[in-house]
Amino acid sequence: MRHDDPSPRIEPSGCDSAEAFALRVIGQSMVPEFNEGEIIVIEPEGLAKDGSYVLALHDGEFIFRQLRADGPAWRLHALNPAWPDLPLASLADVRGVVIQKALPGRRRASKRYV
């Protein structure tokens, strides 16, 4: 997601909230590890820890970042230094952990994170 663009909304679906789901990376905030157009698979009940790539709720919008411990607090870290780190109010705002990424049409380009 780009910080100058409106963030996409994720609408509730008929799927069980514990089921993994996929999203397409938009923007450059997570380059070089995640490029625009790649698909990430999110595990809603995944264990979030320092260094995990997560989908989190921040200021009422979903955001994809790396979770970083900052003493007793947590922050959402963009890999691209052009984007600022954001404070995370609570680990309860983490809605899922990235478990895999893939480039559409290239099975061998997949990478697992858990």
Side-chain angles (χ1 to χ4, degrees):
M1 291 183 242
R2 291 185 283 210
H3 63 303
D4 60 340
D5 288 346
S7 297
R9 304 275 182 222
I10 298 176
E11 299 295 325
S13 71
C15 297
D16 185 299
S17 63
E19 290 183 32
F21 58 94
L23 297 173
R24 183 179 305 271
V25 175
I26 298 171
Q28 303 296 315
S29 64
M30 294 301 285
V31 167
E33 182 66 24
F34 298 92
N35 296 298
E36 187 160 12
E38 290 179 328
I39 303 298
I40 54 175
V41 178
I42 311 289
E43 175 61 54
E45 294 185 355
L47 176 62
K49 59 185 179 186
D50 185 37
S52 296
Y53 298 109
V54 299
L55 180 69
L57 194 59
H58 184 267
D59 286 339
E61 297 183 356
F62 288 100
I63 188 168
F64 166 47
R65 294 289 191 268
Q66 185 179 40
L67 183 65
R68 300 305 305 255
D70 194 9
W74 295 92
R75 60 189 165 89
L76 298 170
H77 174 70
L79 301 180
N80 184 334
W83 277 260
D85 284 359
L86 303 169
L88 185 64
S90 163
L91 282 180
D93 291 331
V94 172
R95 300 304 165 96
V97 177
V98 175
I99 60 171
Q100 183 178 354
K101 78 169 180 176
L103 193 60
R106 296 183 56 201
R107 283 181 69 182
R108 295 185 188 266
S110 291
K111 182 174 181 180
R112 294 192 181 275
Y113 292 93
V114 181

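The shown structure was predicted, so the numbers you read here are calculated from the model rather than taken from an experiment.
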Note to self: I need the minimum non-hydrogen distance between Gln66 and Gly51, along with the two atoms involved.
What the structure shows: NE2-O, 3.2 Å

Notebook entry, point to check: Going through the distances and angles, do Tyr113 and Val97 end up as a side-chain contact (heavy atoms from CB on, under 4.5 Å)?
Noted result: CA-CA 9 Å; Tyr113 292 93; Val97 177; over 6 Å; no

Next item on the list: For the pair Lys101 (side chain) and Asn35 (backbone), establish whether a donor and an acceptor sit closer than 3.5 Å, ignoring hydrogens and angles.
Entry: no

Next item on the list: State, to 0.1 Å, how close Ala78 and Met30 come at their nearest heavy-atom pair, and which atoms those are.
Entry: CA-SD, 3.9 Å

Check: Between Arg68 and Asp50, which heavy-atom pair has the shortest distance, and what is it?
Finding: CA-OD1, 3.2 Å

Checklist line | Connected via hydrophobic side-chain network under 4.5 Å: Leu55 and Leu57 | finding: yes

Margin query: Just verifying a value: how many Å separate Glu45 CD and Glu19 CD, rounded to the nearest 0.5 Å?
Written below: 10.5 Å

Check: Do Val54 and Val98 touch side chain to side chain, with heavy atoms closer than 4.5 Å?
Finding: no

Notebook entry, point to check: How close do Pro44 and Phe21 get, heavy atom to heavy atom, and via which atoms?
Noted result: CG-CE2, 3.8 Å

Check: Roughly how far, to the nearest 0.5 Å, is CG of Leu86 from NE2 of His58?
Finding: 4.5 Å

Next item on the list: Please round to the nearest 0.5 Å and tell me the distance separating atom CZ of Arg24 and atom CD of Glu38.
Entry: 10.5 Å

Item checked: Distance (rounded to the nearest 0.5 Å) between Asp70 CG and His77 NE2 -> 11.5 Å

Checklist line | Ala20 to Glu43 - nearest heavy-atom pair and separation | finding: CB-OE1, 4.0 Å

Notebook entry, point to check: So do the side chains of Leu88 and Arg75 get within less than 4.5 Å of each other, counting heavy atoms only?
Noted result: no

Check: Shared ILVMFWY cluster between Phe34 and Leu23, side chains joined below 4.5 angstrom?
Finding: yes

Next item on the list: Report the distance from atom CG of Leu79 to atom CZ of Phe64, rounding to the nearest 0.5 Å.
Entry: 7.5 Å

Notebook entry, point to check: How long is the span from the OH atom in Tyr53 to the CD1 atom in Ile40, to the nearest 0.5 Å?
Noted result: 11.5 Å

Item checked: ILVMFWY cluster, Ile39 and Ile99 together (side-chain gap under 4.5 Å) -> no

